[in-house]
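All values derive from a computational prediction rather than experimental measurement.
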Amino acid sequence: MDFFSLMTQGGIVSQLVAVLLLAMSVASWVVILWKSWLLRRATGDVARSTAAFWQSASIEQSREKVAAFDREALVLPLIAATDIQAGHTLATAGDKSQQLTRVLRDALHGVLHKLQFGQVLLATVGSTAPFVGLLGTVWGIYHALVGIASAGQITIDKVSGPVGEALIMTAAGLAVAIPAVLAYNIFGRYIGRIEADLEGFARDLRELLAHKG
């Protein structure tokens, strides 16, 4: 009996647990592959985009230069946010430094939300998959013992086989959770580095423009 035969013989609960673990695995691996591609591009793009900005002669010229490198649109929203229009609302209240702080903070939050996307799913899968697998194991053991008891004769050979096969669910839960946890931690480090670079750029940009005009 293997994992798939356990699905058919373990009852509806085991089948649902197996399907849920499969869905969690597929979802986490889609996020892992996508975020690996995204963060690899983003790490290089942010460094090249900020370098292109400081080598520009003006804000207007910097937008064209940065657009050539900022494929994930992580730096351009910060530059675009500094285009503050005059008005008579609370959004335009305060001096220029305060306005820049407000708009850059909002733009930075939007960019970081893009980078953080998928992290919640990885954390959820990593923390819940072992317990989902354990549920399948407990139900599988119960289902196996009921079947053995109904047979009328209980021996070690008859108990060890079904119980050992039920433990496959626990192994499956760990197999789903471990990649998600590792990816979550690795991606968190990359996101932290990119976030620090973007926060530093936003701070320098505010200092640059706060005293202009």
* Asked: What about Phe69 and Val75, same hydrophobic cluster or not, with Ile/Leu/Val/Met/Phe/Trp/Tyr joined at side-chain heavy-atom distances under 4.5 Å?
  -> no

* How many angstroms lie between atom CZ of Arg63 and atom CG of Leu76, to the nearest 0.5 angstrom? -> 9.0 Å

* Give, for atom OG1 of Thr43 and atom CD of Glu72, the distance between the pair rounded to the nearest 0.5 Å. => 10.5 Å

* **Nearest heavy atoms of Val103 and Ala81, plus distance in Å** => CG2-O, 3.3 Å

* Backbone N/O of Thr170 and side chain of Thr137: donor-acceptor pair under 3.5 Å -> yes

* Give a yes or no on whether the backbone of Leu21 and the side-chain of Ser25 come within a donor-acceptor separation of less than 3.5 Å. => no

* To do: Search all heavy atoms of Arg206 against all heavy atoms of Ser97 and return the closest pair with its distance.
  => NH1-OG, 3.0 Å

* Report the distance from atom CZ of Arg189 to atom CG of Leu39, rounding to the nearest 0.5 Å. => 13.5 Å

* Report yes if the side chains of Val176 and Leu22 come closer than 4.5 Å at any heavy-atom pair, otherwise no. => no

* Asked: What pairs with Phe131 under ring-ring contact (aromatic ring centres under 6.0 Å, His included), at least two apart in sequence or on another chain?
  -> none

* To do: Search all heavy atoms of Thr124 against all heavy atoms of Thr128 and return the closest pair with its distance.
  => O-OG1, 2.6 Å

* Indicate yes or no for a side-chain donor-acceptor contact from Asp70 to the backbone of Ser49 under 3.5 Å, with no hydrogens or angles considered. => no

* Would you name the heavy atoms of Ala180 and Gly126 that are closest together and state the gap between them? => CB-N, 3.9 Å

* Structure fact -> Pro179 and Ile32 have their tightest heavy-atom pair at O-CD1, 3.8 Å

* Look at the side chain of Lys35 and the backbone N and O of Phe117, then say whether any donor-acceptor pair between them is shorter than 3.5 Å. => yes

* **Evaluation steps, side chain to side chain contact (heavy atoms under 4.5 Å, CB included), between Leu38 and Tyr190** => CA-CA 11 Å; Leu38 172 69; Tyr190 278 99; over 6 Å; no

* To do: Enter the distance from Ile186:CD1 to Ile191:CD1 here, rounded to the nearest 0.5 Å.
  => 12.0 Å

* Asked: Roughly how far apart are Phe187 CZ and Leu182 CG, rounded to 0.5 Å?
  -> 10.5 Å

* Asked: Below 4.5 Å, heavy atoms only, C-beta onward: do Leu78 and Thr82 meet side chain to side chain?
  -> no

* Between Leu198 and Leu115, is any pair of side-chain heavy atoms under 4.5 Å apart? -> yes

* Asked: Under 4.5 Å between side-chain heavy atoms, hopping through other hydrophobics if needed: is there a path connecting Trp29 to Val31?
  -> yes

* What about Val181 and Leu20, same hydrophobic cluster or not, with Ile/Leu/Val/Met/Phe/Trp/Tyr joined at side-chain heavy-atom distances under 4.5 Å? -> no

* Asked: Is there a path of hydrophobic side-chain contacts, each under 4.5 Å between heavy atoms of I, L, V, M, F, W or Y residues, that connects Leu121 with Met24?
  -> yes

* Structure fact -> Minimal heavy-atom distance between Ala202 and Leu104, with the atoms involved, is O-CD1, 3.4 Å

* Any donor-acceptor pair under 3.5 Å linking the side chain of Gln61 with the backbone of Ala57? -> yes

* Should Phe53 and Leu205 be marked as a side chain to side chain contact (heavy atoms under 4.5 Å, CB included) after you check the CA-CA gap, both sets of side-chain angles, and the distance that decides it? -> CA-CA 10 Å; Phe53 175 86; Leu205 187 59; 3.3 Å; yes

* State plainly whether one hydrophobic cluster holds both Met169 and Leu135, where clusters connect Ile, Leu, Val, Met, Phe, Trp and Tyr through side-chain heavy atoms under 4.5 angstrom apart. => yes

* Just one of Val46, Ile79, Leu74 clears the side-chain contact (heavy atoms from CB on, under 4.5 Å) bar with Phe201, so which one? -> Ile79

* To do: Return yes when atom OH of Tyr184 has more than 12 non-hydrogen atoms of other residues, nucleotides or ligands closer than 6.0 Å, and no otherwise.
  => no

* Between atom CG of Asp106 and atom OG1 of Thr101, what is the distance when rounded to the nearest 0.5 Å? -> 11.0 Å

